[in-house]
Every structure is written in structure tokens, then in C-alpha cells.
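The chains referred to below are lettered A, B, ... by the order of the sequence lines, with proteins before strands, and numbering in each begins at 1.
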Amino acid sequence: MTPHVPTANEPSDSPASGSSYDPEAVEVRWQQYWDERGTNSPDLDAARRPFFNLMMYPYPSAEGLHVGNLYAFTGADIYGRFRRLKGDDVFEPIGYDAFGIHSENHALKVGRHPMELIPANIRNFERMLRAAGLMTDWTRTVDTTDPGYYKWTQWLFVQLHKAGLAEKKEAPVNWCPSCQTVLANEQVIAGRCERCDAAVEQQELSQWFFKITEYAQRLLDNLDWIDWSETTKTAQRNWIGRSEGARLRFPVSAGQGGEGAGDLATVEVFTTRPDTVFGASFMVLAPEHPMVPELTAPATRDAVESYRQGAAGMDLVERKKREGAAKTGVFTGGHVQNPAIGEDIPVWISDYVIMDYGTGAVMGVPGHDQRDFEFAVQHGLPVRAVVCPRAQVPEDADPRDFLPDAGDGAFIEHTPDEVLINSSQFSGMPADDGGRRIVAWLGERDLATPEVNFRLHDWCISRQRYWGPPIPVINCGACGAVAVPEEDLPVELPYLEDFRPTASGASPLARVPGFREAACPRCGGPGERETDVMDTFLDSGWYFLRYPSTEFDDKPFDAARTAAWLPVGSYIGGEEHSVLHLLYSRFLTMALHDLGHLDFEEPFARFRKHGLLIKEGAKISKSRGNVILPDEYVTEFGADAFRMYLMFLGPFQQGGDFRDEGLAGPRRFLGKLWDSVVAATAASETPAATGSGKNSLDPGMDRALHLLIKQVGEHLEELRYNTAIAAAMDYLNRVRYKGRTPSVEEVRPLVVLVAPIVPHIAEELWVMLGGEASIFDNAGWPDYDEAKLAVNRIQVPVQVNGKLRATVTVATGAAQDQVQELAAANAAVSRHLEGVEIRKVIYVPDRLINFVAN
RNA sequence: GCCGGAGUGGCGGAAUUGGCAGACGCGCCGGACUCAAAAUCCGGUGGGCUUCGGCCCUUGAGGGUUCGAGUCCCUCCUCCGGCACCA
């Protein structure tokens, strides 16, 4: 069927032919039309110019679609619709990130099962998303909790496991006593649980990790060429945290420690400042460092033990609180040799050294490191300066034996203009170069190696929870951890009446013998299933690969489809996912590429982060009570006006301030646009009726139109929706100036230009103007004529000493003497030129003329 | 502390990247329509002086570069986001 196509002859009770704009009627009609006609479901196999327009899929919360989601989706949708009008075959899917602790906690709170809550939430989301007028292909949605989906999430695990990129290891983890689960480092905010704010503790658990660190350098390098928001790239660079330095080996001093410590034992440290090794006057190990026992002397054993226990039992909050305060620590009684000077230095342990980074040991250089300095002061350890600014060393001084003005702190700046002092044969050298030479020199005795270190940790994917895809592994006494064969996937998550987490660290699934017991796939012997489930970030790490292939149940993604549609053409999402989701997605894509499953290694060709929406200057939150319910606004103003306002209230990529009063502007604009089209069509049918209706040759208007086409096109491409809308408003004001009746030729392109932003009314008006539905299939993006942008006369501001005094109208490209003459003759200008001498005249053609006088 | 981003009318925000600051919108004021109100339409709207010709000031603060700075440089302040004893 065709949509309702109104004509001038139709009875006035027809919804579209009424003389005033009724958003609800228009929106319902077109949403229905899109559905029935499959307007938004492209034929994925026949597309000539495939364009994958992706938006970050939401977590389907019980509260319904958050306005923040809608803000993001609208921004993405506009871009997709724009590309479609420009001739691309746009695929714009949506899905639901429904697994995870969020859903589970909510289910626990309301005392219902997530398996029954999620479908209801999804239905509600879908309703709201449809009402928002997104160009969603509803035939290809993804739900991460569907076994048909997570079968492939598990498949992904199996592939990585096969490739040796998944390993199980005992690791100290962040344990949230309230959520009863481990948390990833990134889910710990300042020592507290990201979700419940409880203080996080340390616990040792055996867990599965993906070796993302093996990809650290590539993940970093590719950032140089992918087209992403700069801020997002910066965030990833910081997160990966590459630092260049050296691994230095400090031999354990003879006769130290217990009987196990042979003469060959060394303690390794990582440092970014090998140039300062001559100043290392002590060493500090993390309390949990494995070499602590063998370095500890009998006399200090008790003190060391109690300090270690204290550190182990201490939660992260307590550790943070002490930052900046006194640096505690105890002497182990053991010594190591400073490899540069051969001198014995004492080995201490302190909780300011963390096991997680580098080697878990640092050389204490109190002269040039703030933390080491504080520690040395605290514990009476010697401070030795080995670097100082070149300017501080007098000409006649010997840098091998020079005492700089110590001041009362450590000298920690690291500038190019520094030299080594008190560093034997390296003294006097620039610090950077000296550092390299020291590493080479120590390297000859195998005491140093250049090394690059990353802050990035391996990705822990185990969760001791219920609501996630089970890790597809069977532990066998004989064969070890065996991945579930692909043909046995999915390992279905059983329905558990009681899915609460336990305090023991064991997953809820461990309570189900029927689930736990399984035969080893390799030897057939008795085995036990892994009972942890996988991190939600794994679900979202590959969902974009699934969208084009949702109908295939024998493979996660079809090769031809993937080749045609990926990598993603445009991905828009929030900054809160700058690091984790985007980094994990990149890692998984890279790994799949290396394993031969994908022919590209970066999943998102273009990524743009959107800004944060706030309300009346304040962050939107339930506790503030300033939550925006999209439904209410859509009902009152219509989805089009709401969409338009969301995009108008500020620059999309920076966010903006939502104010209720603001909606009136876009709503008025749409009413005015409607009236303009009605007036234009009426005038075109009765040419004699009005004098102004016939015009299509008004040159000023023609220029304005072509300028508008140019501007809107450029602004939409750059996601500068607010200024695109402003330009459209400005144009409509012109066209309607003092009640003028516009021509059809003046308004038809405008309708197309705003269609990405306000799709429903655009469809309606397009038909009203005689176009064939859908506008997105048939209108095409208008072209502008560069020649029509030109003007022959232009106003040029005239300044005297940089102050604006007048403007003169001249021909474009006019010569300086002509403009100067005209400008100088102007009374407002000449007044200021009297009695002064013109020293210089600055003339920028078509821009400005400035008389410099005194 | 470190890394990002931002400070412009009563408010949300523009400004071709060094060239008429305040586009567009909200709000407000005045007018039209109306018995009246709402809606709608038209006009005005940064601040201060004004002899009504104009003049001066103004983009967080202070300096600088330049004929000319919201835009570039230096110092500082404030707010937002992220990271945080990373060796």
C-alpha cells in the first residue's frame, strides 16, 4: 500500500490535508509505513554502496530508554539518514546489551528473574525506539542473552583459547564484598565498587584472562591512522600507557637471605630513568613480591611478616587514603648490589610499590623521584644527586664529584638540558644519552636490557556471577582445562531459581550439580564445567560483527556479508566507553583478523564520541530528580520536534543543556515549515491568486538556498547539527520574511535538507509537494551550484586604527585604491582621519580595510 | 598530582580558524489579531553614556605578539570528564 497521499482536492478530514501540523498523526502514519514497506531494511546482498551506521547498543534497563540514549541514537540516526539521502545503502541496526551485573542486580533488587525481566524491558525499549523515528532495521536485532547469540560469544572464547590468547591464572583481584564478585580494575573507582560504592578488597582467585597485552603495541600504533575523535584516542593512549625504559638487575648481595638464595639471584626492577641508577641508594619491593622471603633476614622476619599481612588485608581504599601521607615500609634485613657502583644497598618493602606494574620492585632514587624521596626522608635513607641542570654546574667543577644545591626536595623534572653528575665515567653527559649508555654498559654484564612497559593489563573475563554466558570450558583431571567443542555450543545458561552470588567466590552455577558435571571432551573421563560466566564487555566486543549476519545460525558472521559491510562506516557513542568497550572491540577484531576470520583489523573506520546531555546546568540523575522522560516530550511536541531540539541545544560532540522552554523553538519551526509548504503548494496551483507565489527567480533567495544546501551538507557531515538547524531556521525566516509566500522550488529542497533531523514531517511534506514516498529513497540530496553562491556586491567593514567606523558596499574583488577612496570619503571615517597622518592601509579584499594612523 | 575539554548577553549557544563579536533559538519588551486569553504573526532586545549625530566598554583574570585577538603565545583562576603511589 502507499501512504496516505494528500492532494488539494481531498476532504479536510484527511489527517494530512489539514491546514495545521499534527505531529502525532504524521508520526504514527509514517512509522507504520516504514514498517509495512520495509523502508529501513536494506537488502544486504544487493547493496551497491553499503554503509554500516552503528550506534552503541543500550543496556535495556527497567526504567526504559534514557534520554541520554536517545540523544546518542538521534545523532547517529541523522548521520545515517543523511548518508542515505546522499545515495548510500545504509544499514542501521540496534540491539540489546542485556547480560551483566546491571541486569542481575536489578533483578535481585525487585525479586524477579532476569529471564523474565529482560524480554519485557526489550519490548519497552523497542516501543520507545520506534516512537523516536530511528531508521532502525528491525529485522536484524541482537540480544546478547539469546543462546543463538551467546553461542558465538562462546565460540569467540574457544577461538582465542585455541590461539593461546586465553589463559587461566591465579591473580589478585578486586573483590567487592557487597556485589560478591570480582571487579575489573576499571570497575574500581578510587578504591570503591563502580556500582555499589562499597570498599573493594583484594582476593586471590583463579580466573580466565585474555592476553590483550600482547596486542598493546599494535593497539597503540593503529591509533595513528584510524579516524576517531581525538579525545578518545588520547584516552586509549593513556590507558595503554606505554613507557620506555630498562630492566635493571640488582644482584643479591653475598651472604644475604636464606639458604635458598644462591649467588646468582638477582632482583629485577623496571625504570624509566636508568640514567639515575648511580643514585639508587636502596630498593623497595612490593609487599607481595615473591623474593621477599628469601631476602628477609631472621632478625627482621617478624616485622616483615606482619607488614606483609597488613598490606594483604588492607583494602584499596585504605591504601589510597595514605597517598601523600607518610610512606610506610620495613627493612627486610637483606641487601642487593647497585649494579652501577657495586655498593650494597638495603632492600625494603612498602605498599607504595605495587606488584601489578613493572616487576613489582623499584630502585630507590630519592634524589630524583618524589615518592622515593619521601620514603628516604621517612626512613633516614641517603639521598644522592646524580642529575642536574647543565646551568647549575660551574665551568671549573668536576661533574664526577659535584654537589648541586640540593634544595629541600627531589629534583624530578626531566628536561633535555640535564647532565649526569657523580656518575663515574658518565658524568657530564646529557642525561638522556647517558641513560642509554649506562644501559648498554650494564648490558655487557647482563645487568640491564632496554624495555618497554605497558600500563595495560590482561583482560580478566571471569565473573563469579549468574547473568552471563558460561565460560565454555570443562576441567578434566587428566587433560586440564579443555574448551568445549564448537559443535557442543552453546553451553546454555540454565534457569536458576536462586541466582544470588555467594560469598565464597564460587559462581551460582557451581551450586548446580547437573550443570557442573560433564564428561571431558577429550578423554571422556569425568570433568567439571567452568562455572564462572563471561564479562559483559565480551558480549559487546563483537556485536557489530553479528548484525549483518543475524540469520545465519551455523556461523557467527558470513564472509561475504562481512566483507561488504564491515568495517563499520560510522560509529557514534559515549565517551564513557572510550577505553574499555572500544579497546576490547579493537583487540577482538585484531585477534580474529590474525586467526584468519576477518580481513581487517580495526572494526570502526570512523568513531565520534557524543557529548554529555545535562539538564538545567546539572548532571541528569535519579537522585537529583531531574530525569528526562522522552515519552512525555514526544507526546506533547512530537518525536520530530524532540529530535530537533536535542540536536539544537548544543554541539552534538560536546553535549548541551536541556531546558524545557527550549522545545518551543523547534516546534514553532516545524509548524512554520508545514504552513510554508501548504502555502507554497496552494500558490502553485492557483498562479494568478497571489503575486508572490509565482516567484522562483528571486536571485537573493536562490543564492540563500544554494548557500543553505552547502552549509547543511557540510555541517551534517561534521555532526554539527546545531548549526545546520540554525541555518535551516535562518533560511525559512528569509523565505517567510514579512509574511511572504514562498515558492515550491524554495521549500522543496529545504524539506529534504531537514529530513535527516525530522524524518516524519519531511516524508509528509515531501508527498504534499508531489514527491513519491519515501523521501529517503526518492528525493536525493540536492546539489548546490557554486556559481550561484557568488555575489557581485559586498559590504566591507572600514576600520581606523582597528576600530570599526563604517562599512562600504563595493563590487566583489574590488581593487584597493577604489575601496580606499570610497572608504575615506565616508563621513564616519573621514572624521577620524582628520589631523592625523595615515601611515599604512591594510586591505584584505572582500574582507576589510583598515587605516593605520597616528 | 597527571591527561583531556570548556569558560562569550538574562539563558542555551554561533563566529568562514587572525578580519563587522553575539548567528539561530529561548526568555523578555512593544505592536497586530481577539470581547478577552492562549496560539499565531510583525518589530525590538550585550552594557554604559549621549547634545540622538554618535562615543566608550565588552568573550574567566592579567600580561604579550599583531594594523587587527573570542581565536595565537605566557602566567593565573574556575568548572566538567578521565586517570591516579605506573617506578
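Atom OH in A/Y721 sits roughly 25 Å away from atom P in B/A23 (whole-Å rounding). Look at CG on A/D730: it is 7 Å from P on B/G25, rounded to the nearest Å. Across the protein-nucleic acid pair, A/I794 atom CD1 and B/G19 atom C1' stand 12 Å apart, rounded to whole Å. Per the geometry, CD belonging to A/E576 stands 9 Å off P belonging to B/G82, to the nearest Å. The distance from atom CG of A/L612 to atom C1' of B/G82 is 13 Å, rounded to the nearest whole Å. Look at CD on A/E575: it is 12 Å from C1' on B/A6, rounded to the nearest Å. Note: CD (A/E244) to P (B/A87) measures 12 Å, nearest angstrom. If you take CZ of A/R734 and P of B/C24, they are 11 Å apart, rounded to a whole angstrom.
The side chain of A/T231 contributes no N or O atom lying less than 4.0 Å from OP1 or OP2 of B/G82.
Taking the syn range as angles within 90° of 0, the glycosidic angle of B/G27 is outside it, so the base is anti. Because its glycosidic torsion is within 90° of 0, B/G9 is reported here as syn. B/U58 shows a glycosidic angle more than 90° from 0 and is accordingly assigned anti.
Every residue was checked against the ring pair (Phe, Tyr, Trp, His ring centres under 6.0 Å) condition with A/F669, not counting sequence neighbours, and none meets it. Contacts of A/Y721 classified as ring pair (Phe, Tyr, Trp, His ring centres under 6.0 Å), with partners at least two apart in sequence or in another chain: A/F652. For A/L804, the side-chain contact (heavy atoms from CB on, under 4.5 Å) test picks out A/P797, with sequence neighbours left out. For A/E451, the salt bridge (charged side-chain N to carboxylate O under 4.0 Å, His left out) partners at least two apart in sequence or on another chain are A/R247. In this view, A/F607 and A/W228, A/Y571 satisfy the ring pair (Phe, Tyr, Trp, His ring centres under 6.0 Å) rule, not counting sequence neighbours. For A/F250, the ring pair (Phe, Tyr, Trp, His ring centres under 6.0 Å) test picks out no residue, with sequence neighbours left out.
Rounded to a whole angstrom, the distance from the P atom of B/C73 to that of B/C56 is 30 Å. For the P atoms, the distance from B/A14 to B/G22 is 15 Å, rounded to whole Å. The C1' atoms of B/G12 and B/C85 are separated by 42 Å, rounded to the nearest whole Å. Atom name P, nucleotides B/U16 and B/G62: the rounded distance is 25 Å, in whole Å. Only the P atoms considered, B/G9 is 12 Å distant from B/G47, to the nearest whole Å. When the C1' atom is compared between B/G10 and B/U17, the two are found 30 Å apart, to the nearest whole Å. Rounded to the nearest Å, the gap between the P atom of B/G60 and that of B/A69 is 15 Å. Comparing the P positions of B/G1 and B/U75 gives a spacing of 16 Å, expressed to the nearest Å.
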>> Could you walk me through whether A/N453 and A/S243 satisfy the side-chain hydrogen bond (donor to acceptor under 3.5 Å, both in side chains) test, starting with their C-alpha distance in whole Å, then the side-chain angles of each, then the deciding distance to 0.1 Å, before giving a yes or no?
In response: CA-CA 5 Å; A/N453 225 290; A/S243 54; 5.8 Å; no
> Under the side-chain hydrogen bond (donor to acceptor under 3.5 Å, both in side chains) criterion, do A/D660 and A/Y633 qualify, and how do the steps go?
Replying inline: CA-CA 9 Å; A/D660 286 354; A/Y633 293 93; 2.5 Å; yes
Grab the N/O contacts between the protein and nucleotides 40-47 of chain B below 3.5 Å, and write none if there aren't any.
{"residue": "B/U40", "atom": "OP1", "partner": "A/R668", "partner atom": "NE", "Å": "3.3"}

Are any protein N/O atoms closer than 3.5 Å to N/O atoms in nucleotides 63-70 of chain B? If there are, list each pair with its distance.
{"residue": "B/C67", "atom": "O2'", "partner": "A/N850", "partner atom": "ND2", "Å": "3.4"}
{"residue": "B/C67", "atom": "O2", "partner": "A/N850", "partner atom": "ND2", "Å": "2.6"}

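At a threshold of 4.0 Å, the pair A/R720-A/E718 counts as salt-bridged, since one of the basic side-chain nitrogens sits closer than that to a carboxylate oxygen. Comment: A/D224 does not engage A/K233 in a salt bridge, judged by the lack of any side-chain N to carboxylate O separation of less than 4.0 angstrom. Using a cutoff of 4.0 Å between basic side-chain nitrogens and carboxylate oxygens, A/R839 and A/E837 are not scored as salt-bridged.
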> What one-letter contact string describes nucleotides 9-17 of chain B from 5' to 3', where B marks a base within less than 4.0 Å of any protein heavy atom, S marks contact via sugar-phosphate atoms alone, and - marks no contact?
Replying inline: --SBSSSB-
> When you check every protein heavy atom under 4.0 Å of nucleotides 48-55 of chain B, what one-letter string (B, S, -) results, 5' to 3'?
Replying inline: ------SS
>> Let me check I have this right: for RNA chain B, each base becomes ., (, ), [, ] or |, based on Watson-Crick or G-U pairs with both distances under 3.5 Å. What is the full string?
In response: (((((((..(((......[....)))((((((.......))))))((((....))))..(((((..]....))))))))))))....
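A donor-acceptor pair shorter than 3.5 Å can be found between the side chains of A/D372 and A/Y352.
With hydrogens and angles ignored, the 3.5 Å screen pairs a side-chain donor or acceptor of A/D846 with a backbone N or O of A/G813. Using modelled atom types, no side-chain atom of A/S281 and backbone atom of A/V383 make a donor-acceptor pair closer than 3.5 Å.
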Show which side-chain atoms of residues 732-739 of chain A pair as donor or acceptor with protein atoms under 3.5 Å away, not counting sequence neighbours.
{"residue": "A/N733", "atom": "OD1", "partner": "A/K672", "partner atom": "NZ", "Å": "2.9"}
{"residue": "A/N733", "atom": "ND2", "partner": "A/M729", "partner atom": "O", "Å": "3.4"}
{"residue": "A/R736", "atom": "NE", "partner": "A/R740", "partner atom": "O", "Å": "3.2"}
{"residue": "A/R736", "atom": "NH1", "partner": "A/S676", "partner atom": "OG", "Å": "2.7"}

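Counting heavy atoms of neighbouring residues, nucleotides and ligands inside a 6.0 Å radius, atom CD of A/E244 does not exceed 12 of them.
Centroid-to-centroid, the aromatic rings of A/F375 and A/W348 come within less than 6.0 Å.
Here the nucleotide nearest the side chain of A/R455, chosen from B/C86, B/C20, B/A23, is B/C86.
A donor-acceptor contact under 3.5 Å links the side chain of A/K327 to the base of B/C85.
Comparing A/F270 and A/K609, the nucleotide of RNA chain B nearest to each residue sits closer to the 5' end for A/K609.
Interatomic distance, CD1 of A/I849 versus CD of A/Q816, reported as 5.5 Å (0.5 Å rounding).
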